[in-house]
Amino acid sequence: QVELAESGGGSVQPGGSLRLSCVFSRRTTNKYCMGWFRQAPGKEREGVAGIGVIGVTTYAASVKGRFTISQENEKDIMYLQMNSLKSDDTAVYYCAARPPVVGTLCPAITTTRPDDYRYWGQGTQVTVSS
């Protein structure tokens with residue numbers, strides 16, 4: 001069982017930066033694949049960035065080079081650093097977790113369906129506008 005909670009959303013101008021945080025807790029010592037998703041009004045939820053059990057990161061093409069996913073050493077908090085924000089980045093952002101497929105294998109975020117993630121935070125709104 002995993003509990004997650006996002007924070008750090010807000011309003012920012014195009015070209016600005018924002019850092020989202022996701023605190024998570026584990027009931028067991030099992031490790032999980034972690035990811036950031038977003039959902040804009042009228043659109044389906046999409047994967048943005050993922051970080052695996054062993055720290056491998058993956059990104060959607062639309063955010064590559066602008067967003068960075070990371071974890072603290074103790075891996076009890078996850079971040080999404082968002083730079084060069086665009087209006088198209090406006091969405092509710094969610095952090096999520098899922099067990100590895102096998103062992104420490106976490107699929108790339110671009111190959112993962114949101115439904116594959118079992119645990120979700122409540123979401124935090126990010127609005128990019130001038």
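Atom set for the values below is all heavy atoms of this structure, side chains included, hydrogens, waters and symmetry mates excluded. Bear in mind the structure is a predicted one, so any value in this text is a computation, not a measurement.
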Enquirer: Could you note down all residue pairs passing side chain to side chain donor-acceptor pair (under 3.5 Å) where residues 10-24 supplies at least one of them, sequence neighbours left out?
Expert: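 Counting only pairs at least two positions apart or across chains, the side chain to side chain donor-acceptor pair (under 3.5 Å) contacts touching residues 10-24 are S17-N83.
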Enquirer: Tell me which pairs pass side chain to side chain donor-acceptor pair (under 3.5 Å) where either residue lies in residues 104-115, with sequence neighbours left out.
Expert: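 Non-adjacent pairs meeting side chain to side chain donor-acceptor pair (under 3.5 Å): R113-D116.
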Enquirer: Do side-chain atoms of Y93 reach the backbone of V48 as a donor and acceptor pair under 3.5 angstrom?
Expert: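 A pair under 3.5 Å: no.
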Enquirer: Only counting residues at least two apart or in another chain, list the ones meeting side-chain contact (heavy atoms from CB on, under 4.5 Å) with A97.
Expert: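 V2, L4, Y32, M34, Y119.
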Enquirer: Can you tell me which residue pairs pass the salt bridge (charged side-chain N to carboxylate O under 4.0 Å, His left out) test with a partner in residues 56-68, sequence neighbours excluded?
Expert: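 Found R66-D89.
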Enquirer: Evaluate I51 against Q71 for side chain to side chain contact (heavy atoms under 4.5 Å, CB included), listing each step before the verdict.
Expert: CA-CA 8 Å; I51 186 165; Q71 290 181 326; 4.0 Å; yes
Enquirer: Report the residues that fulfil salt bridge (charged side-chain N to carboxylate O under 4.0 Å, His left out) with E46, sequence neighbours left out, ordered by chain and then residue number.
Expert: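 With neighbours one apart ignored, the set is R38.
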Enquirer: Test of understanding: with side chain to side chain donor-acceptor pair (under 3.5 Å), list the residues that count as partners of Y79, not counting sequence neighbours.
Expert: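 Once residues adjacent in sequence are excluded, the partners of Y79 under the side chain to side chain donor-acceptor pair (under 3.5 Å) criterion are E72.
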Enquirer: Between L18 and V126, is there a side-chain heavy-atom distance shorter than 4.5 Å?
Expert: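 Counting from C-beta outward, V126 and L18 do come under 4.5 Å.
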Enquirer: Enumerate the salt bridge (charged side-chain N to carboxylate O under 4.0 Å, His left out) contacts for residues 117-130, please, sequence neighbours excluded, ordered by first and then second residue.
Expert: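 Residue pairs passing salt bridge (charged side-chain N to carboxylate O under 4.0 Å, His left out), neighbours aside: none found.
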Enquirer: Counting distance only, does the side-chain N/O of E6 pair as donor-acceptor with the main-chain N or O of G123 below 3.5 Å?
Expert: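 Yes.
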Enquirer: List the steps, then state whether side chain to side chain contact (heavy atoms under 4.5 Å, CB included) holds for T57 with F67.
Expert: CA-CA 11 Å; T57 59; F67 290 10; over 6 Å; no
Enquirer: With sequence neighbours excluded, tell me which residues meet side chain to side chain donor-acceptor pair (under 3.5 Å) with Q125.
Expert: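 So Q125 forms a side chain to side chain donor-acceptor pair (under 3.5 Å) with T127.
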Enquirer: What disulfide bond (SG atoms under 2.5 Å apart) pairs are there with at least one residue in residues 90-130, not counting sequence neighbours?
Expert: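 Output for this query lists C22-C95, C33-C106.
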Enquirer: V101: which other cluster members, linking ILVMFWY side chains closer than 4.5 Å, directly or transitively?
Expert: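 V101 shares its hydrophobic cluster with V102, L105.
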Enquirer: Linking directly or through intermediates, with side-chain heavy atoms under 4.5 Å: list the remaining ILVMFWY members grouped with V92, chain and number order.
Expert: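 Noted: V92 shares its cluster with F37, Y94, I109, Y117, W120.
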Enquirer: Applying salt bridge (charged side-chain N to carboxylate O under 4.0 Å, His left out) as the test, list every pair that has at least one member in residues 8-18; sequence neighbours left out.
Expert: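 Sorted result for residues 8-18: empty, none.
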Enquirer: Name the one of V63, V12, T90 that satisfies side chain to side chain contact (heavy atoms under 4.5 Å, CB included) with L85?
Expert: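 Looking at V63, V12, T90, the match for L85 under the side chain to side chain contact (heavy atoms under 4.5 Å, CB included) is V12.
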